[in-house]
Amino acid sequence: MIDHTDSIAIITGAGSGIGRALTLAAAKRGIFPIATDVNAEYLEQTAQLLDEHQLDTHLLDVSDAAAIAQFAKNTMPRLGGKSLLLF
């Protein structure tokens with residue numbers, strides 16, 4: 001099994017369903033999730049399931065190309081050479 005404990009996962013749709021499950025599973029495995037969703041309320045519910053130091057949350061509409069570009073511009077410099085996993 002690959003050790004991802006120094007990795008970061010960007011997870012879309014993290015407010016519910018499979019996205020939420022991936023976010024929780026990533027954090028459990030030591031992967032730092034950057035959780036995104038278009039729904040602030042659902043995203044907050046996901047965050048409440050984890051310690052606030054175990055993830056970052058961002059409102060993001062993945063159907064908006066400009067929003068994705070801005071998210072990437074703001075997020076990529078923070079990765080600091082860590083492995084990046086996209087979900």
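Residue numbers run from 1 in the order of the sequence given. Reckoned from all heavy atoms, side chains included, excluding hydrogens, waters and symmetry mates.
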Glu41: which residues meet the side-chain hydrogen bond (donor to acceptor under 3.5 Å, both in side chains) condition with it, sequence neighbours left out? none
State, to 0.1 Å, how close Ala66 and Asp64 come at their nearest heavy-atom pair, and which atoms those are. N-OD1, 3.1 Å
Suppose the criterion is ring pair (Phe, Tyr, Trp, His ring centres under 6.0 Å): which pairs have a residue in residues 54-79, not counting sequence neighbours? His58-Phe71
Are the side chains of Thr36 and Thr57 in contact, using a 4.5 Å heavy-atom criterion? no
Asp61: partners by side-chain hydrogen bond (donor to acceptor under 3.5 Å, both in side chains), with sequence neighbours left out: Ser63
Over all atoms of both residues, closest heavy-atom pair of Leu55 and Leu50: CD2-CB, 4.0 Å
Which residues, ordered by chain and number, are linked to Val38 in its hydrophobic cluster, where ILVMFWY side chains connect at heavy-atom gaps below 4.5 Å, directly or through other members? none
With side chain to side chain contact (heavy atoms under 4.5 Å, CB included) as the test, pick out the partner of Ile34 among Thr12, Ile11, Ile10. Ile10
OG1 of Thr23 to CD of Gln54: how many Å apart, nearest 0.5 Å? 11.5 Å
For residues 13-21, which side-chain N or O atoms pair as donor and acceptor with protein atoms under 3.5 Å away, sequence neighbours left out?
| from | atom 1 | to | atom 2 | distance (Å) |
| --- | --- | --- | --- | --- |
| Arg20 | NE | Gly15 | O | 3.3 |
| Arg20 | NE | Thr46 | OG1 | 2.8 |
| Arg20 | NH2 | Gly15 | O | 2.6 |
| Arg20 | NH2 | Tyr42 | O | 3.3 |
| Arg20 | NH2 | Gln45 | OE1 | 3.4 |
| Arg20 | NH2 | Thr46 | OG1 | 3.4 |

What one should report as the nearest heavy-atom pair of Ala67 and Leu60 is O-CD1, 3.6 Å
Side chains of Val62 and Ile68: closer than 4.5 Å at any heavy-atom pair? yes
Are Asp37 and Leu59 packed together at the side-chain level, in the sense that at least one heavy-atom pair is separated by less than 4.5 angstrom? no
